[in-house]
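Structure first, commentary second.
Chain identifiers are assigned alphabetically (A, B, ...) following the order of the sequence lines, protein sequences preceding nucleic acid strands; residue numbering begins at 1 within each chain. For the numbers below, each heavy atom of this structure counts, side chains included, while hydrogens, waters and symmetry mates do not.
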2 protein chains.
Amino acid sequence: MTRKVSASVEYESLAAEAYSIVRQRILRGDLAMGQIISRRKLATELGMSFLPVSEALMKLEFEGLLESRPRAGTRVRIPTVQDVQGHYIVREALEVQAARLFAAVATEDEKMELTRLAIRVDSLASQPDADRYHYLSLHEKLHRRIAECARCGALSEAIEKTHALASTWMCVGRHAEGQGPRRTHQDLIEKLCAGDTDAAAEGMRRHIVSSKDRAVQRLEPYFRIGATRGATYARSARKQMAPPAALAS
Amino acid sequence: MTRKVSASVEYESLAAEAYSIVRQRILRGDLAMGQIISRRKLATELGMSFLPVSEALMKLEFEGLLESRPRAGTRVRIPTVQDVQGHYIVREALEVQAARLFAAVATEDEKMELTRLAIRVDSLASQPDADRYHYLSLHEKLHRRIAECARCGALSEAIEKTHALASTWMCVGRHAEGQGPRRTHQDLIEKLCAGDTDAAAEGMRRHIVSSKDRAVQRLEPYFRIGATRGATYARSARKQMAPPAALAS
DNA sequence: GCGCGCATACTGATATTCCAGTTTCCCTGC
DNA sequence: GCAGGGAAACTGGAATATCAGTATGCGCGC
């Protein structure tokens with residue numbers, strides 16, 4: 001028996017359903033960074049045992065969206081500035097590779113499809129009242145399609161895994177800035193479609209690097225929170241760190 | 001209560017222990033490609049419930065070492081030629097990035113450490129009777145240290161995840177060829193230490209590409225097995241694909 | 001002899017239950 | 001008023017039992 005959820009989507013397992021729901025909540029912002037997720041409560045809420053929930057959270061932790069400490073809770077990950085910069089270095093490596101392959105093997109139909117997609121993404125980015133999850137989904141799709149058109153399944157998968165994390169950080173404070181209309185993705189696709197692999201790679205590299213800079217800038221307040229957060233564990237940390245008297249001397 | 005295993009290593013959880021054991025067995029070759037792993041039997045053998053075993057296998061499936069179909073068994077993954085080529089494309093992207101960073105920021109001490117490591121790796125590679133798991137561990141360590149010296153945790157993690165899979169494929173048929181002594185890793189490290197980032201990147205790119213070519217060549221017989229393997233499921237596949245009579249017309 | 005169908009013995013998926021470690025917060029003693 | 005101790009309520013980890021789908025092998029019918 002398959003279950004149905006809000007959007008009438010069928011999942012092949014309860015774990016897949018839980019994964020999808022939690023991921024969407026994080027990306028939508030319903031679960032803020034640092035917020036604690038209880039497996040029991042979530043399982044009760046979703047009407048399933050907490051085993052599939054546990055499996056889903058494990059997968060999300062593997063992707064870097066969550067962080068958990070044994071027997072002490074799972075929470076939405078608060079990145080450090082090193083995390084964000086490192087993450088974008090990985091993305092740069094993967095997506096530049098994809099851009100290079102794309103420029104070499106993409107068909108005309110695919111190029112047209114991506115051009116249309118880029119227009120929609122840029123259009124949504126300039127609308128301050130656009131649905132956050134909708135924008136992120138479309139943005140992910142654009143980058144995923146580039147990788148798919150590069151005809152390398154392993155690369156698509158790797159990029160897809162990194163994108164969940166990027167999406168989590170992408171929209172933080174985005175609407176607060178009130179940016180004007182941009183053409184960043186249309187410019188990118190134009191370069192990818194020109195046929196010059198080196199130019200495509202350089203275009204993608206700049207795109208990712210500028211994304212990184214904006215992400216670091218927007219996440220700036222959270223870095224302080226992340227640093228402060230450790231303080232709340234001060235007491236237990238002291239407990240843990242206090243060495244046995246015999247070994248201290 | 002912590003448990004002990006053969007090598008007297010303590011694990012923080014049963015799942016971590018199971019993960020480590022299964023991973024080692026695959027890399028060592030005790031579990032051949034295509035071999036079916038039963039969670040129940042493995043759990044009994046390891047003296048634990050099959051829940052931590054299940055968790056461990058799930059993680060290995062994430063990393064691409066295993067493949068499972070719901071309710072039909074988990075087996076050691078048999079790659080297609082596309083899998084292998086795609087995998088090395090991802091590795092090329094990541095490790096070239098690491099090489100570039102390494103050339104820019106590594107200290108003299110680190111360079112010396114890696115040179116020594118490279119000598120040991122090349123030395124082991126030329127010994128036909130060397131322990132397979134030992135060689136793979138050392139080889140992984142070399143590449144991991146390059147990433148670590150690049151001062152980017154996210155990149156190190158990404159490379160580490162890809163390496164488990166690469167190791168699985170690396171030793172297949174290695175001893176059968178009877179290669180003479182090589183200096184591939186020493187040459188690589190030399191280029192990385194020269195200080196020229198572009199030259200370092202190019203050196204790593206060539207290293208990965210030549211690894212890919214050798215892997216594809218060695219795995220050649222398995223690609224046929226993988227293609228044949230589907231035949232054993234022909235009957236059930238027919239079952240699945242037969243549409244309900246009412247919908248067929 | 002060959003192909004199909006069904007019973008059986010597997011597989012993983014899930015629910016329930018219990019256990020051990022962590023965190024929290026109140027309450028006591030100073 | 002505040003630091004420290006301790007109990008209670010939380011957390012995730014693991015064990016057991018059960019469910020549902022898949023593969024296989026035997027036997028029946030052609």
Output the rounded distance in Å from [atom1] ([X]) to [atom2] ([N]).
{"X": "Glu55(B)", "N": "dA14(D)", "atom1": "CD", "atom2": "P", "result": "7 Å"}
{"X": "Arg39(B)", "N": "dA17(D)", "atom1": "CZ", "atom2": "P", "result": "20 Å"}
{"X": "Glu12(B)", "N": "dT22(C)", "atom1": "CD", "atom2": "P", "result": "12 Å"}
{"X": "Tyr19(B)", "N": "dG13(D)", "atom1": "OH", "atom2": "P", "result": "17 Å"}
{"X": "Ile36(A)", "N": "dT22(C)", "atom1": "CD1", "atom2": "C1'", "result": "11 Å"}
{"X": "Leu57(B)", "N": "dT11(C)", "atom1": "CG", "atom2": "C1'", "result": "12 Å"}
{"X": "Glu17(A)", "N": "dA13(C)", "atom1": "CD", "atom2": "P", "result": "16 Å"}
{"X": "Arg69(B)", "N": "dA13(C)", "atom1": "CZ", "atom2": "P", "result": "12 Å"}

Hits for ring pair (Phe, Tyr, Trp, His ring centres under 6.0 Å) against His143(A), two or more places apart or cross-chain, chain-then-number order -> His139(A), His163(A), His185(A), His207(A)

**Q.** Thr74(A) side-chain N/O to dG12(D) phosphate OP1/OP2 under 4.0 Å
**A.** yes

Indicate every side-chain donor-acceptor pair of residues 21-33 of chain A with a distance under 3.5 Å to a residue at least two apart or in another chain.
| residue | atom | partner | partner atom | Å |
| --- | --- | --- | --- | --- |
| Arg23(A) | NH2 | Glu140(A) | OE1 | 3.3 |
| Arg23(A) | NH2 | Glu140(A) | OE2 | 3.4 |
| Arg25(A) | NH1 | Glu45(A) | OE2 | 3.2 |
| Arg25(A) | NH2 | Glu45(A) | OE2 | 2.7 |
| Arg28(A) | NH1 | Asp131(A) | OD1 | 3.4 |

Comparing nearest nucleotides in DNA chain C, the 5'-proximal residue of the pair Arg71(A), Ala15(A) is Ala15(A)

### Task
For Lys161(B), look at atom NZ and say whether over 12 heavy atoms of other residues, nucleotides or ligands are found less than 6.0 Å away.
yes

Of the candidates dT14(C), dA23(D), dA14(D), the side chain of Ser13(B) sits closest to dA14(D)

Of dT22(C), dT11(D), dA13(C), the nucleotide closest to the side chain of Lys41(A) is dT11(D)

Quiz question: by atom type and distance under 3.5 Å, do the side chains of [X] and [Y] form a donor-acceptor pair?
{"X": "Tyr88(A)", "Y": "Glu95(A)", "value": "no"}
{"X": "Ser68(B)", "Y": "Glu61(B)", "value": "yes"}
{"X": "Ser54(B)", "Y": "Arg39(B)", "value": "yes"}

Taken to the nearest 0.5 Å, the spacing of Leu65(A) CG from Thr168(A) OG1 works out to 3.5 Å

Exercise. Classify the nucleic acid contact of Ile37(B) as base, sugar-phosphate or nothing, counting any heavy atom under 4.0 Å across all strands shown.
Key: sugar-phosphate

Under 4.0 Å, counting only non-hydrogen atoms across every strand here, what does Ser38(B) touch: a base, just sugar-phosphate, or nothing? sugar-phosphate

Atom pairs, N/O to N/O, protein against nucleotides 15-18 of chain C, distance under 3.5 Å?
| residue | atom | partner | partner atom | Å |
| --- | --- | --- | --- | --- |
| dA15(C) | OP2 | Ser49(A) | N | 2.7 |

